[in-house]
Amino acid sequence: MSVSGESRGRSLQMRTKAKELNEAAERSTDPEERRRLKEKARRLQEQSEQESRMDDRGMDPV
């Protein structure tokens with residue numbers, strides 16, 4: 001797999017994990033746990049978007 005393909009794969013995994021964390025946050029009854037999960041999901045989503053932008057420009061994120 002190319003570096004570009006690996007980056008896309010990582011980005012997809014991060015988006016999937018962010019979605020799972022958001023869903024877990026919605027199910028959580030503890031407000032602090034909900035906040036923590038949503039924050040972690042937000043960070044993963046941002047990182048995924050950043051990698052996608054770098055990949056679209058043909059830049060190596062490393």
Side-chain angles (χ1 to χ4, degrees):
M1 182 183 290
S2 70
V3 172
S4 177
E6 289 174 12
S7 180
R8 275 190 216 108
R10 253 191 332 267
S11 184
L12 178 59
Q13 286 178 332
M14 284 188 274
R15 283 192 304 269
T16 301
K17 183 65 176 177
K19 183 177 184 230
E20 290 170 0
L21 288 169
N22 271 320
E23 290 169 355
E26 294 301 321
R27 291 189 304 269
S28 178
T29 57
D30 178 13
E32 182 57 29
E33 178 73 1
R34 180 179 294 133
R35 184 202 61 77
R36 187 185 67 77
L37 289 168
K38 284 191 173 282
E39 179 61 23
K40 189 170 184 178
R42 184 190 61 77
R43 285 193 311 267
L44 271 175
Q45 187 66 35
E46 287 176 357
Q47 186 178 356
S48 169
E49 290 169 2
Q50 183 179 25
E51 281 200 19
S52 290
R53 284 191 301 271
M54 290 170 62
D55 191 42
D56 288 346
R57 293 185 196 139
M59 297 172 62
D60 188 355
V62 177

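Starting from 1, each residue takes its place in the sequence as its number. Computed from a prediction, not measured in an experiment: that's the story for all the values here.
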Determine whether Lys38 and Leu21 make a side-chain contact, defined as any pair of heavy atoms from C-beta on separated by less than 4.5 Å. no

Would you tabulate the side-chain donor-acceptor contacts of residues 43-50 under 3.5 Å, counting partners in other chains and residues two or more places apart, or write 'none'?
| from | atom 1 | to | atom 2 | distance (Å) |
| --- | --- | --- | --- | --- |
| Gln45 | NE2 | Glu49 | OE2 | 3.3 |
| Glu46 | OE1 | Arg42 | NH1 | 3.0 |
| Glu46 | OE2 | Arg42 | NH1 | 2.5 |
| Ser48 | OG | Ser11 | O | 3.1 |
| Ser48 | OG | Ser11 | OG | 2.9 |
| Ser48 | OG | Arg15 | NH1 | 3.3 |

Which residue in the set Arg36, Glu33, Glu23 passes side-chain contact (heavy atoms from CB on, under 4.5 Å) when paired with Ser28? Glu33

Over all atoms of both residues, closest heavy-atom pair of Arg10 and Glu51: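 Where Arg10 meets Glu51 most closely, the heavy atoms are NE-OE1, 3.4 Å.
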
The reported gap from NZ in Lys17 to CG in Asn22 (rounded to nearest 0.5 angstrom) is 11.5 Å

